[in-house]
Amino acid sequence: MSGQSTTEFVIEPGPPLSGEITISGAKNSVLKLMAATVLAEGTHTIYNVPDIFDVGVMCKLLESMGAETSRRPGVVEIKIRNISPVAPFELVEQMRASTAILGPLLARYGRAEVGIPGGDDFGHRPIDMHLTGLEKLGATFDVQPEGLVGTADRLTGGEVVLGFPSVGATENIMMAAALADGVTHIENAAREPEIADLASMLNKMGAGIVGAGSSRITVTGVEVLEPVSHRCIPDRIQAATFLAALGVTGGEILLRDARYDHMDMVCQKVGEMGLRTSPDRDGIWAMANQRLHAVDLSTLPYPGVATDYKPFLASMLCVADGTSIVTENLFAGRFRYVDELVKLGAEVRTDGNHAVIKGVKRLQGANVVSHDIRAGAALIVAALGADGQTIVADHGHVCRGYPDLAGDLRKLGATIHERPAG
Ligand code: UD1
């Protein structure tokens, strides 16, 4: 799914990156924090909110149900009162994260009418684990082609064992369980930092959640939750994008506000490729002063290498010394950007969920197209290591996940600008 109208990123070869930028709040956290506000009447304030397109979509979704929202730089205020539990298809289909509204609506209003989930265009993304988990708490679903209707008189705590540590399913079940009668255990829960962030906000609202961030979460349901003020964690995926850009260009940068403790594995991987990274009082410091080395990598749920990092790590490997094998274990369609990397002169072969990347010294600028948020970022990263001009045509994807990717890269010395597609 795309955000806005078509943009072109125009990238020229530039000097090594240097200087510092500030990493914004995490897209994959803030959207769930916003959905969670539905659990309590009153006015909620969320800080460190990234200025990205998807936050606007979530505001519209909440407003369509009767909430009032207002935004100022870095802050969103959400007033919850008289919610109508109907999430319209045209908004839900724009953004996969809209499914996060399901658990809160069922828990608070006993009913949720939610359009079919949309999301990035990288294959079929089911929500069966969300539904099975919520059914374990007593919800029932009527699934229709145009959306689903969930009902629950009063949710009751239960034992939920996830077949896979799904981020979205863990979040939905955790939010629903917060207002259920009794205790819920979620086994094989996803452990992403964004889940711990959501649990921390819910606990401030009065929820009884223990173990978020581990694979066993216990939620003791409460009668009522209170409105909250909460600061969103920084975006580790955005931070990793700049590490990848640094790897391609060389240089030395500071990623202000980035959290090293959320990025251990990716820092280890880029370290194997030749980058130096270390936690700094203000964020993450990183330096690249040699040609990158090839490494094999495989995407896994947290704390493994996130699937979201993979496209721009692949861009680094395209110019690394040696041959790398990259394996995608989460989403089938996440190698579409490879065809575009090949247009830039990369030597990549894909076979099922594997890509074999033979590093070349330099890529060559070309006209390429981005198909999702991270693919767009990966092409921009790759273009920084290309001779000549590259134009990345982007149908509104990059702005869904990055407040100002081109501007931030410019601050670090890159030669990139954005213009409406002609
Ligand atoms: C979230 C992130 C996304 C990230 C992903 C994995 C947001 C908005 N998006 O997506 O950027 O790439 O985590 O880290 O936070 N699955 C099922 N049935 C389900 C649910 C998931 O089969 O009911 C499968 C998915 O198709 C996928 C895998 O489980 O293959 C992981 O998906 P999940 O962790 O749920 O990802 P999302 O929450 O959608």
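Counting starts at 1 for both ligands and their atoms, in listed order. One-based numbering along the sequence shown.
Nearest-residue assignment for atom 21 (C) of ligand 1 (options Arg374, Glu328, Glu171, Met129; heavy-atom criterion): Met129. Checking Ile373, Thr170, Asn28, Asp128 against atom 7 (C) of ligand 1, the nearest heavy atom belongs to Asn28. The residue from Ile195, Ile127, Val167, Asp372 that puts a heavy atom closest to atom 34 (O) of ligand 1 is Val167. Between atom 20 (C) of ligand 1 and the options Gly401, Ala306, Pro126, the minimum heavy-atom separation is to Pro126.
Across all their heavy atoms, Pro104 and Asn172 have their closest contact at CD-OD1, 3.9 Å.
Look at Asp308 and you'll find a heavy atom under 4.0 Å from some atom of ligand 1. Ligand 1 lies nowhere less than 4.0 angstrom from a heavy atom belonging to Ala190.
Using a 4.0 Å cut-off to heavy atoms of Gly168, the atoms of ligand 1 that qualify are 35 (O), 38 (O). Those atoms of ligand 1 that come under 4.0 Å of a heavy atom in Leu330, given as number and element, are 6 (C), 27 (C), 30 (O).
Around CZ of Arg349, the count of heavy atoms belonging to other residues, nucleotides or ligands within 6.0 Å does not exceed 12.
Judged by the 6.0 Å and 45° rule, Lys27 forms no cation-pi pair with Phe53.
Checked against Tyr402 for a side chain to side chain contact (heavy atoms under 4.5 Å, CB included), the options Ile52, Asp235, Thr241 give a single hit: Thr241. Among Thr327, Asn353, Asn329, the single residue meeting the side-chain hydrogen bond (donor to acceptor under 3.5 Å, both in side chains) criterion with Ser298 is Asn329.
Within the 4.0 Å heavy-atom criterion, neither part of Glu194 lies near ligand 1. In Ser166, the parts holding a heavy atom less than 4.0 Å from any atom of ligand 1 are both the side chain and the backbone. Within the 4.0 Å heavy-atom criterion, the part of Thr307 lying near ligand 1 is the side chain and not the backbone.
Within the 3.5 Å criterion, the main-chain N or O of Ser29 finds no donor-acceptor partner in the side chain of Asp197.
Between Phe335 and Tyr337, the two ring planes are tilted [angle within 30° to 60°].
Thr37 contributes atom OG1, which lies 7.5 Å from atom CD1 of Ile83 (distance to the nearest 0.5 angstrom).
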